[in-house]
Amino acid sequence: MTDRVPTFRVAPSPTGYLHVGVARTALFNWLFAKHVGGRFVVRIEDTDLERSKEELIEPILSALSWLGLDWDGEIIRQSTRLDHYKQFAVQILESGHGYRCFCSPDQLKADREKAKVEKSAFGYNRRCLELSDAEIQERIEAGEKYALRLRIPEGETTYSDMVAGELIRDNKEIEDFIIARSDGTATYNLAVVIDDHDMGVTHVIRGNDHITNTFKQIHIYQALGFDIPQFGHTPMILRPDKKKVSKRLGDKDVNQFSKEGILPEAMVNYLSLLGWSPKTDNEIYSVEELIERFTPDNFNNSNAVFDQDKLLAFNKEHIQLKSDHELAVMSAPMLVEAGLTTKYWLETRWEYLRNVIAVLKERMKRVSDIVELSGYFFSADFSYDAKARAKHFHEESRLLLIDLAERIEAVDELTLETSEQVITELAVDRDIKKATIIHPTRLALSGVPGGPGLYDIMNLLGRKNVLDRLHRAIDFIANDRTN
Ligand code: GLU
């Protein structure tokens, strides 16, 4: 096993979208693969024909791509390998590790009910294990259908889990489970083992709801003489209501987070800390830093809660790490779609957009917040916030705005410095606080009471826009008063 290329995988079933639980599993495997310079492969587990949906495969793969979890080689689909699996069931039978089971579904149902009445755990009672060769032959010739079961030996099964440590199970608790159905098709656990073997998988990190499968799979590996990979079972991701994240509860498609203005870097960073820890006080990491630190000795063995507010806090931090240009590239289509500007206008005023981003960035929790925050930088056609208007628009402030407009007329250009200068001079000349001027001016220029610094707004809008907006507010206050 040591000379094999470390190979990790994720094996989503297209029975639902990729939710954060599977995304976290994929991420852990990917980070670990990158950390050791190994491979990361993807398998689509689509043998449950009733529940699998072809149209879900593309969104699952696009969610992985959005997170940046690039995979090696071809994607394997179980549904294309059904014939391939059959020979392994036969091999297990012929090598004596398996046996034919002729029990009918009715018989098994009766056994299960009996176990229930007796309050004992149900496990196959090995009725067919002791059949003689002659009897088996006779039943086959009589056309009786049979499934194949794996024969679990006496004793205990133990393995060292990368997350949970040494795990042990009494083999009495692992029943002789079915590996191939009466039509010869492989059951889930047999297919998974053959796939993992064929794909060269050396490490399997997955949710701890698969531990029971792992004990079964270990016996299949042994029966087929395959190398057993290293397993790691991570605790579940819970919702804030402490229920397990699941497709059935309608947990979100990871693609949706992208539409909601979450950066993949933030999602990766936040997910990486749900069940693993870099063992430092810092929580914000780039993907490269995570790859460098991702070792299996830092897994946590307790359930983690997925908290959207926490994700937003990570997103805000990662937004600050982006350059203004990168954020401008992401914001531009959102602004165009919101009708605030056009593609052409932005192309010719890219620097303006970058500067707008620079002053608003620290207020952005989602990239899409730019739409709500920046409206007044693209259009003067806004209404004034009602509460702020009642507070800051009155006769006194109208006279102040007139004075301010006159002073700006006398300035050649509005920069950060000249903006500050005119406001300061106005405050000194009238012997008032700067805030008395700043509040109505901000409202006149933006329509809202909060936002970036007033001098930043004046500097970005420029002399002409500032004057137009001051005059609009002056007229508005006058009309408002007479009405
Ligand atoms: N298809 C399984 C799931 O979606 C994963 C199986 C595995 O990781 O072995 O839960």
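Whatever order the structure lists them in is the order used to number ligands and atoms, beginning at 1.
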Handout entry: Verdict with reasoning, Thr280 to Arg293, per side chain to side chain contact (heavy atoms under 4.5 Å, CB included)
Key = CA-CA 11 Å; Thr280 65; Arg293 287 162 188 270; 3.6 Å; yes
Problem - For Ser383, side chain to side chain donor-acceptor pair (under 3.5 Å) partners two or more places apart - result: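 Side chain to side chain donor-acceptor pair (under 3.5 Å) list for Ser383, sorted by chain: empty.
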Check: [X] ring centroid to [Y] ring centroid under 6.0 Å:
X: Phe215; Y: Tyr159; answer: yes
X: Trp30; Y: Phe8; answer: no
X: Phe294; Y: His35; answer: no

Problem - Residues in contact with ligand 1, criterion: heavy atom under 4.0 Å - result: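 For ligand 1, the contacting residues are Arg9, Ala11, Ser13, Glu45, Tyr188, Arg206, His210.
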Problem - NZ/NE/NH1/NH2 to OD/OE distance under 4.0 Å, Glu260 and Lys252 - result: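 Counted as a salt bridge, because a side-chain N and a carboxylate O are separated by less than 4.0 Å.
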